[in-house]
There are 2 protein chains.
Amino acid sequence: MTIDRAQCEALDRDDPLRHCRGRFTLPDGVLYLDGNSLGALPRGVAERVGATVAEEWGRGLIRSWNSAGWYASPQRAGAKTARLIGAAAHEVTVTDAISINLFKLLVAARRMRPDRKVIVAEAGNFPSDLYVVDSVARLVGCSVRRVRAGEVAAAVDGDTAVATLSEVNFKSAERQDMAAVTAAAHAQGALILWDLAHSSGAVDVQLNRAGADFAIGCGYKFLNGGPGAPGHLFVAERHLAAVDQPLTGWFGHAEPFAFSEEFARAEGIRRMLCSTPPMLSMAAYEAALDAYDGVTMDAVEAKARAMGDLLIALFDQRLAPLGCRLESPRDGTRRGSHVSIGHDQGYAVMQALIARGVIGDFRAPDVMRFGLTPLYLGYADVFDAVAAVEDVITSKAFEAPEFQRRHAVT
Amino acid sequence: MTIDRAQCEALDRDDPLRHCRGRFTLPDGVLYLDGNSLGALPRGVAERVGATVAEEWGRGLIRSWNSAGWYASPQRAGAKTARLIGAAAHEVTVTDAISINLFKLLVAARRMRPDRKVIVAEAGNFPSDLYVVDSVARLVGCSVRRVRAGEVAAAVDGDTAVATLSEVNFKSAERQDMAAVTAAAHAQGALILWDLAHSSGAVDVQLNRAGADFAIGCGYKFLNGGPGAPGHLFVAERHLAAVDQPLTGWFGHAEPFAFSEEFARAEGIRRMLCSTPPMLSMAAYEAALDAYDGVTMDAVEAKARAMGDLLIALFDQRLAPLGCRLESPRDGTRRGSHVSIGHDQGYAVMQALIARGVIGDFRAPDVMRFGLTPLYLGYADVFDAVAAVEDVITSKAFEAPEFQRRHAVT
């Protein structure tokens, strides 16, 4: 039976997360389906950043490292993030870029398995992860075994120091079984490092329930921390005393203000810090997490799944006949919070959509991604998005020359 | 002859940089002598950051990577910084924290001298640099030779891959002869990596005139980029094609949006980037550099030196008799832009000064630092600062219990 907009509006009326949309400022005339790349601006963030600049920096000056709590910001933000990814507060910190955190943890993992010479990595993972894996392997004298995500569990063997993969793939949104893959790695004596870039804030991540060793995540996607927001980093409690990461800056020192010339690792998760945190970006990230106040991640995941199921049902009815290909799993338990659709003219179709305010993104060679962010999107939005795709294709609007030209960032 | 305040006011009237003070917002009742730790807030920065949050992020959303020029921010900021440190625009970028940039460049330098097994490092350098040197040495199989800054030139030999030191020491403000030390390193076939944390924006750094290979610098001190602002990084043009750094994230890829699974270094300085830049902190840094518009670094250095000479003359007259020790060079050509004064009760004296709005900082075990920032301080400020130190000591105000307690960050 054909799904109509009224049905979607009814779903929105019953949505227990409906009130969260008011926690964001979104421009008029825009249907934003790219929260998986850069999350929307939560209300309150502009004010918080403004106060950090004008009051804390401008008036407090250097004193704000104490008086405004800047110094504790990574731990405070880590504790707020921990609740959203199934971790304890003291196992998570917020610092640096996600690729840098991956570098730290991979070197540290290898040092915990010095007799093992292989890093298992996910072919098809976000490329930056693969570049960092290769770089670490070169530095520490390992080889890299690249296999598809579904084959990671089987590829880990007694030579594997650490395996790393994304819980949710950046392109297809395919989701791995964190508990099962972790158990398989542990059965071989290997460590596991999960990339949560497309999980944190989107699905009900359960790091400790799965027994994960390490994880990295991204602050600027589903967590809405702002462009280039610092990443988060998880070390399971049982590893906190041993973890030995190579970016040994003064913020990871046991006593930074003793100015000792010899490094002594801080106790606990603080040892994963390197240098002075970028406080304006930190302030935005911390404030942005308030959008999750009172929201449970199982409710977020349930809505993400329902929106994805709806999008796929609409895809079957309206887009499949137009030459579109579904590039994401149909099974909602194996899918994250976006749906990818392939089309031979995917780049131009996405540009035409963006021109009319329906903003998703594009990943080479031909995949359009539609991010489904449960806090600020609803079911009627999904309906409207599919209708827009249908119209851009059937009207051939995408054939206009301005939509065929490539930008630096897409 | 005793220096009085009227003489200092006369110097201020003749100061060619006097107009720059209006480029900063400083709180009433504060005499800020800690711009060497966290620079003051330049006018226009709050507005620029506000627009980045509300307009570019809030309304532009993902489109701002193109439309607001976010993607080019590291290069744009690098070009603006280059003028201030004697480098060409294409040799400098702005990214990551200074300790992370040191890590990148040390590994890269070692790879350019694979047959050499020693890193020469400055004993007494900012400790974070020493920690990173030790970490890199461990990763790449080098040993570390630590010598005082003045002995670095002599310590470099045919086994030295790279030498690293600060142009201006964080504690004493002692300044090294960049050209002479660089030439000595090159005479032995070694590379040299300068830390400009206490140079950039404070003295007339001349990287290319000195023939330097690599440099790192700090955005949040004299350059006023805001708390935890991204650092800057210099690679001499002759090394740009060969430099091979280990934090190989997607922003350093030749074609980041091709999403190739194999790393291919970007041409030029962009290869030094790792990951998505923290745009709020980047926006603040870029805007902050406008405070240097129309200002030459030789004028900044001349004023810094004159203020330092004045402070030392006042020290001799008023503070030396009170048990204070001068911990900075008297020779202005060998001194950066702060003056350090030792006192057995240095911590408590500084706390008492801060309580009355005279804000310097403290470095263990007993050094008070007074940062002299030519853009927003004048000669009468120097007079007032010394008078305040004198009063705190002679009145024994520092003996109050609240000034004896140590804070986490000082």
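No hydrogens, no waters, no symmetry mates; every other heavy atom, side chains included, goes into these values. A, B, ... follow the sequence lines: proteins, then strands. Residue 1 opens every chain.
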Quiz item: Just by modelled atom types, is the Leu247(B) backbone N or O under 3.5 Å from a matching donor or acceptor in the Ser135(A) side chain?
Solution: no
Quiz item: Taking all atoms of both residues into account, what is the closest heavy-atom pair of Val45(B) and Trp57(A), and its distance?
Solution: CG1-CZ3, 3.7 Å
Quiz prompt | Check: Leu280(A) and Met279(B) side chains under 4.5 Å, non-hydrogen atoms | solution = no
Exercise. Answer yes or no: is there a donor N or O on one side and an acceptor on the other, between the side chain of Glu261(B) and the main chain of Leu130(A), under 3.5 Å?
Key: no
Exercise. Let me know if Val136(B) has heavy atoms under 4.5 Å from chain A in its side chain, its backbone, both or neither.
Key: neither
Practice problem: Check whether Ile359(B) gets within reach of chain A through its side chain, its backbone, both or neither, counting any heavy atom under 4.5 Å. | Solution: side chain
Quiz prompt | Most chain A-contacting option - heavy-atom pairs closer than 4.5 Å, from Ser275(B), Cys274(B), Ser281(B), Gly60(B) | solution = Ser281(B)
Practice problem: Side-chain contact test, heavy atoms from C-beta onward, threshold under 4.5 Å: evaluate it for Thr248(A) versus Asp134(B) and give yes or no. | Solution: no
Exercise. List the steps and the verdict of side-chain contact (heavy atoms from CB on, under 4.5 Å) for Glu56(B) and Leu41(A).
Key: CA-CA 10 Å; Glu56(B) 296 175 12; Leu41(A) 172 63; over 6 Å; no
Exercise. Apply the test side-chain contact (heavy atoms from CB on, under 4.5 Å) to residues Phe103(B) and Phe103(A): give CA-CA distance (whole Å), side-chain angles for both, the deciding distance (0.1 Å), then the verdict.
Key: CA-CA 12 Å; Phe103(B) 182 92; Phe103(A) 183 91; 3.6 Å; yes
Self-check item: Heavy-atom pairs under 4.5 Å with chain A, option from Ile100(B), Val132(B), Val49(B) with the top count
Solution: Ile100(B)
Quiz prompt | Contacting region of Ala46(B) [heavy-atom separation from chain A under 4.5 Å] | solution = both
Exercise. Tell me, with the steps shown, if Phe126(B) and Phe259(A) meet side-chain contact (heavy atoms from CB on, under 4.5 Å).
Key: CA-CA 8 Å; Phe126(B) 187 67; Phe259(A) 294 99; 3.5 Å; yes
Quiz prompt | Evaluation steps, salt bridge (charged side-chain N to carboxylate O under 4.0 Å, His left out), between Asp244(A) and Arg138(B) | solution = CA-CA 12 Å; Asp244(A) 176 12; Arg138(B) 174 182 173 197; 2.5 Å; yes
Quiz item: For Asp96(A), is it the side chain, the backbone, both, or neither that has a heavy atom closer than 4.5 Å to a heavy atom of chain B?
Solution: side chain
Self-check item: Distance-minimising heavy-atom pair for Pro127(B) and Ser260(A)
Solution: CB-O, 3.2 Å
Practice problem: Can you tell which part of Val140(B) gets under 4.5 Å to a heavy atom of chain A, answering side chain, backbone, both or neither? | Solution: side chain
Quiz item: Heavy atoms, side chains only, cut-off 4.5 Å: are Leu61(B) and Asp34(A) in contact?
Solution: no
Practice problem: Identify which of Ala97(A), Cys218(A), Gly124(A) forms the greatest number of heavy-atom pairs closer than 4.5 Å to chain B. | Solution: Gly124(A)
Quiz item: So, Ser99(B) side chain and Gly249(A) main chain: donor-acceptor pair closer than 3.5 Å or not?
Solution: no
Self-check item: Contacting moiety of Pro246(B), where chain A heavy atoms sit under 4.5 Å
Solution: both
Quiz prompt | Under 3.5 Å donor-acceptor, Thr276(A) side chain and Gly228(B) backbone | solution = no
Quiz item: Using non-hydrogen atoms only, which part of Ala40(B) is less than 4.5 Å away from chain A: side chain, backbone, both, or neither?
Solution: both
Quiz item: Which atoms of Arg48(B) come close to chain A, meaning under 4.5 Å heavy atom to heavy atom: side chain ones, backbone ones, both, or neither?
Solution: neither
Practice problem: Could you look at Ala123(B) and say if it's the side chain, the backbone, both or neither that has a heavy atom under 4.5 Å from chain A? | Solution: both
Exercise. Could you tell me whether Glu262(B) and Arg146(A) make a salt bridge, using a distance below 4.0 angstrom between a side-chain N and a carboxylate O?
Key: yes
Quiz item: Where do Asp361(A) and Ile62(B) land on the side-chain contact (heavy atoms from CB on, under 4.5 Å) test, with the steps shown first?
Solution: CA-CA 9 Å; Asp361(A) 68 15; Ile62(B) 191 69; 5.6 Å; no
Exercise. Examine whether an atom of Arg111(A) lies under 4.5 Å from a heavy atom of chain B, and if so say whether it belongs to the side chain, the backbone or both; otherwise answer neither.
Key: side chain
Quiz item: CG of Asp129(B) to CH2 of Trp250(A): how many Å apart, nearest 0.5 Å?
Solution: 11.5 Å
Self-check item: Part of Tyr285(A) lying under 4.5 Å from any heavy atom of chain B
Solution: neither
Quiz item: When the ring centroid of Tyr131(B) is compared with that of Phe251(A), is the distance short of 6.0 Å?
Solution: no
